[in-house]
Amino acid sequence: MGGWQGQILRVNLTKGTFKKEKLNPKLARAYIGGRGLGTKILTDEINPKVDPLSPNNKLIMATGPLTGTNASTGGRYMVITKSPLTGAIACSNSGGYMGAEIKFCGYDLIIFEGRAKTPVYLWLNNDKVEIRPADKVWGKTTHETEDRLKAETHEEAHVCSIGPAGEKLALTACVMNDKHRAAGRSGVGAVMGSKNLKAVVVKGSQSVKVARPKEFMAACLAVVNKLKESPVTSGGLPKYGTPILVNVINAHGFLPTRNFQQDQFEGADKLSGETIADTILIKNKGCFACTIACARVSEVKEGKYKGAGEGPEYESDWALGIATGVSDLGAVTKANYLCNELGMDTIEAGVSVATAMELFEKGYIPQSDVGRPLHFGDADALVWLVEEMGNRRGFGELAAQGGYRVAEKYGHPELFMGVKKQAFPAYDGRGAQGMALGYATSNRGACHLRGYTISVEVFGIPKKMDPFSTEGKAEVSKLFQDVTAFVDSVGMCLFTTFGIGAEDIFPMLEHATGGGYTLEECLKIGERIWNLERLFNMNAGFSGKDDTLPPRILHEGISEGPAKGMVGKLPEMLPEYYKLRGWDPAGVPSKAKLKELALA
Amino acid sequence: MAKVLVIHPERCTACRACELACSMKHYGEFNPSRSRIQVNIFLEEAVYIPTTCTQCDQAWCAKICPTNAIVRDQATMAYKVLDDKCVGCKMCVLACPFGSIVLFPEKGKAEKCDHCLSIDGDPECVKFCTPKALEYLDEDTEVRMRQMATALKLKETFKEVTV
Amino acid sequence: MPLVTFLGDVRKAAGRSRIDVQAKTVGQLLAAIGETIGPGFARVLSTGVTLQPDVEVLVNGRNIEFLEMLETPLRPTDQITVFYSGVRGFPGG
């Protein structure tokens with residue numbers, strides 16, 4: 001067995017005990033690792049109807065067989081659980097160094113069960129496993145937590161933790177690692193908080209081995225060199241980072257502004273990758289084994305939003321800035337730093353603020369409830385509210401639950417811009433039909449990563465498709481969803497696919513594990529994972545009815561700009577998508593399909 | 001021609017691929033704690049500095065070794081450890097002020113960066129460094145590079161101050 | 001006159017973020033840009049007959065691939081955007 005360590009750590013927080021288990025090789029072979037393997041184990045072990053914040057939910061931190069190797073970007077890990085935000089499967093991915101360090105301690109996966117009586121953290125140091133009291137860091141930001149826990153354990157340990165937001169069970173809460181990296185979406189931080197699990201601290205010096213070292217390194221070097229040739233992975237991303245997308249998507253006319261009321265933003269260039277590179281950028285940085293290095297190490301040097309950290313990334317920039325109508329880069333960056341320190345998903349937090357702003361401007365939220373005016377474009381209000389949310393105080397107590405709960409409380413759930421109670425990311429599906437379909441069908445609620453059709457609709461990979469057209473979108477969405485599930489399972493970052501494809505990734509998986517994989521099988525495994533997630537959701541109570549979009553997206557045309565008048569043409573794409581997936585018209589996987597995927 | 005493993009810390013992105021490549025090349029496994037090059041990450045200051053053996057001209061480790069197990073390759077001028085002569089006394093570890101040579105307990109031998117001479121003379125870390133923070137250059141090329149870099153800075157200054 | 005905006009590294013290659021140019025079609029526009037900024041930059045964008053690979057041109061937010069390519073007619077108030085795509089694979093961002 002190469003790639004995998006062959007060992008799982010199971011931690012019972014209720015009893016304060018742990019158990020080391022052997023990784024089932026058949027399971028590993030069929031689901032690979034990361035998203036696939038973690039989701040399989042979780043869905044086998046929990047009741048789909050479980051209350052996500054109860055001790056009966058489980059939280060899994062899952063690495064892939066390529067995590068901790070020279071596979072380019074081979075450092076990723078997943079945080080997998082049942083989401084308290086959506087009630088569906090949650091699977092959040094993060095970079096930094098955490099995933100690799102878990103492998104260097106000898107584990108493929110860590111499973112957390114139950115609930116500790118008082119706040120604890122897990123300390124892993126090679127074979128040593130300790131559940132230690134976390135009372136001294138409970139209440140502290142993720143940054144202070146990391147500093148203090150490293151002082152207690154090892155100065156070069158790696159830490160993932162929740163901030164006050166997760167401790168207070170905020171549905172916008174995320175799990176931060178290495179200070180600036182986030183397993184962001186779906187409220188996974190709240191699940192950790194519900195278990196009184198403050199942090200995981202890891203330091204290891206064990207090896208990751210591969211089945212065929214020579215062939216593996218040759219495949220890795222080929223990928224490294226191919227990524228060097230791609231202008232995006234070797235030029236655009238390291239130089240400008242993901243915020244390069246701001247001006248591009250704005251030019252296309254589907255950059256959702258002011259809670260999706262407009263789709264071009266007059267302040268876009270002020271928040272763009274170009275402007276960030278010229279102003280607050282200190283340098284770029286990479287995650288473990290990453291040859292792209294797109295992270296933005298940044299600093300706001302002067303003014304009331306002074307601060308330093310990493311970011312903002314495109315999604316953060318958009319959610320905290322453009323969605324809220326705030327064009328002050330200093331304020332948006334400060335809000336981003338606050339999200340990292342307090343432990344909140346920037347997308348969910350930003351859209352919650354934007355939702356509250358629209359409701360406020362329409363008179364649905366009285367100012368007395370908020371404590372101050374909450375207008376679009378108000379930079380001070382943005383920074384103030386994000387801080388309130390991270391601490392769940394005042395109006396932030398509700399806003400920290402995400403835009404859906406805010407809109408619902410004030411009688412207008414239709415003004416929440418998202419799917420399955422999870423906020424939309426930075427592309428309006430009315431202008432990019434493939435994204436409309438992707439948002440509606442993503443297993444974890446609205447998500448751009450699950451099936452990133454912007455690739456074809458803006459960049460032309462592998463071919464150009466008209467963003468306004470629905471033709472062919474069902475087929476390309478399914479393909480992207482399956483491939484992405486595969487990539488999410490090996491332990492690599494999706495951004496490699498800006499320069500390479502599944503056909504370049506699978507040789508590394510094969511030489512690492514010696515599993516006898518073929519490219520076709522890898523794509524099939526992606527499809528298997530997708531259907532597995534779907535089954536879980538259905539058993540949790542979801543149906544085809546939930547594969548939908550808000551009324552604004554389905555019925556209100558984009559107000560102006562290049563995509564003026566466009567609506568999300570979901571009804572034209574969904575039936576064909578179900579058919580291609582081998583699901584019935586209600587979106588239920590057929591018995592034949594499940595058998596084909598060895599899920600029945 | 002002497003070769004130099006040139007480190008440009010300002011280009012380093014802290015990905016640590018070099019640590020993995022090194023441990024794989026020498027031990028057939030991925031393990032940063034077994035790497036002869038280490039990336040020292042100062043996260044708050046955003047400074048990342050890879051360090052490894054600098055192949056001293058009058059190396060402390062070679063001088064102190066009682067069995068003459070540390071020898072210099074006359075072509076590249078890099079030092080390597082001869083396993084069959086090394087007795088694992090650790091005098092070299094004590095002598096090196098930089099921590100560039102260590103004893104690996106399982107083998108009982110001293111180990112240090114030798115520019116991959118013990119294998120093929122093609123430093124693996126350099127191959128995997130995408131931002132070119134690590135380069136393996138002829139000594140005179142490396143020196144020339146620094147002279148040109150300095151000259152370029154002077155050129156810009158002169159352009160600014162002269163009319 | 002049609003306003004042209006350059007994004008990302010196209011700005012670096014052009015030495016500026018925007019330019020106003022007289023032109024009746026996209027092809028003429030690229031030629032006129034070349035005359036103003038220089039033949040080196042013109043070659044970055046187009047071979048004269050086709051766009052260089054990985055160069056995208058939008059007219060009012062619509063990729064010229066869905067209009068009439070270099071023959072796409074231009075009106076005085078049109079907004080043109082030029083950026084690099086250069087991606088291969090199945091990304092997410």
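Lettering follows sequence order; numbering is per chain, from 1.
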### Query
Run the side-chain hydrogen bond (donor to acceptor under 3.5 Å, both in side chains) check on A:Thr153 and A:Asn125 step by step: do they pass?
CA-CA 9 Å; A:Thr153 55; A:Asn125 185 207; over 6 Å; no

### Message
Could you check whether any side-chain heavy atom of A:Phe498 comes within less than 4.5 Å of a side-chain heavy atom of A:Ile292, counting everything from C-beta outward?
### Response
no

### Query
Among B:Cys129, B:Ser23, B:Ser33, which has the most heavy-atom pairs under 4.5 Å with chain A?
B:Ser33

### Task
Against chain B, work out which of A:Cys287, A:Gly286, A:Ala295 has the most heavy-atom pairs shorter than 4.5 Å and name it.
A:Gly286

### Task
Determine whether B:Tyr79 and B:Gln55 make a side-chain contact, defined as any pair of heavy atoms from C-beta on separated by less than 4.5 Å.
yes

### Query
Is it the side chain or the backbone of A:Lys214 that comes within 4.5 Å of chain B heavy atoms, both, or neither?
neither

### Task
Tell me yes or no: between the side chains of A:Asn340 and A:Thr142, is some donor less than 3.5 Å from an acceptor?
no

### Query
So what's closer than 4.5 Å to chain A heavy atoms on B:Glu19: side chain, backbone, both or neither?
neither

### Task
Below 4.5 Å from any heavy atom of chain B, which atoms of A:Lys285 appear? Answer side chain, backbone, both or neither.
both

### Message
Could you check whether any side-chain N or O of A:Ser230 sits under 3.5 Å from a backbone N or O of A:Leu227, counting only pairs where one atom can act as donor and the other as acceptor?
### Response
no

### Query
Most heavy-atom pairs under 4.5 angstrom with chain B, which of A:Gly204, A:Cys290, A:Ala293, A:Gly74?
A:Cys290

### Task
Against chain A, work out which of B:Ala17, B:Cys18, B:Cys12 has the most heavy-atom pairs shorter than 4.5 Å and name it.
B:Ala17

### Task
In plain terms, say whether A:Arg296 and A:Glu313 are close enough for a salt bridge, that is, a side-chain N and a carboxylate O under 4.0 Å apart.
no

### Task
Answer with yes or no whether the side chains of B:Glu111 and B:Tyr27 bring together a donor and an acceptor at under 3.5 Å.
yes

### Summary
Okay, A:Val208 and chain B: the region with an atom under 4.5 Å from a heavy atom over there is both

### Task
Against chain B, label A:Asp178 side chain, backbone, both or neither, depending on which of its atoms sit under 4.5 Å from a heavy atom there.
backbone

### Query
What part of A:Gln206 lies closer than 4.5 angstrom to a heavy atom of chain B: side chain, backbone, both or neither?
backbone

### Query
Where on A:Phe288 is there a heavy atom nearer than 4.5 Å to chain B: the side chain, the backbone, both, or neither?
both

### Task
Report yes if some heavy atom in the side chain of A:Val202 is under 4.5 Å from a heavy atom in the side chain of A:Tyr107; otherwise report no.
no

### Salt bridge B:Arg146-B:Glu142, side-chain N to carboxylate O under 4.0 Å
yes

#### Entry: Among the listed options A:Met217, A:Lys103, A:Lys209, A:Lys179, the residue most often paired with chain B at heavy-atom distances under 4.5 Å
A:Met217

### Task
Tell me, for A:Ala308 versus chain B, whether the close heavy atoms (under 4.5 Å) come from the side chain, the backbone, both or neither.
neither

### chain B interface, residue from A:Val297, A:Val224, A:Leu221 that has the most non-hydrogen pairs under 4.5 Å
A:Leu221

### Donor-acceptor contact present, side-chain B:Asp73 to main-chain B:Ala75, <3.5 Å
yes

### Greatest number of heavy atom pairs closer than 4.5 Å to chain A - which of B:Pro32, B:Gly28, B:Pro131
B:Pro32

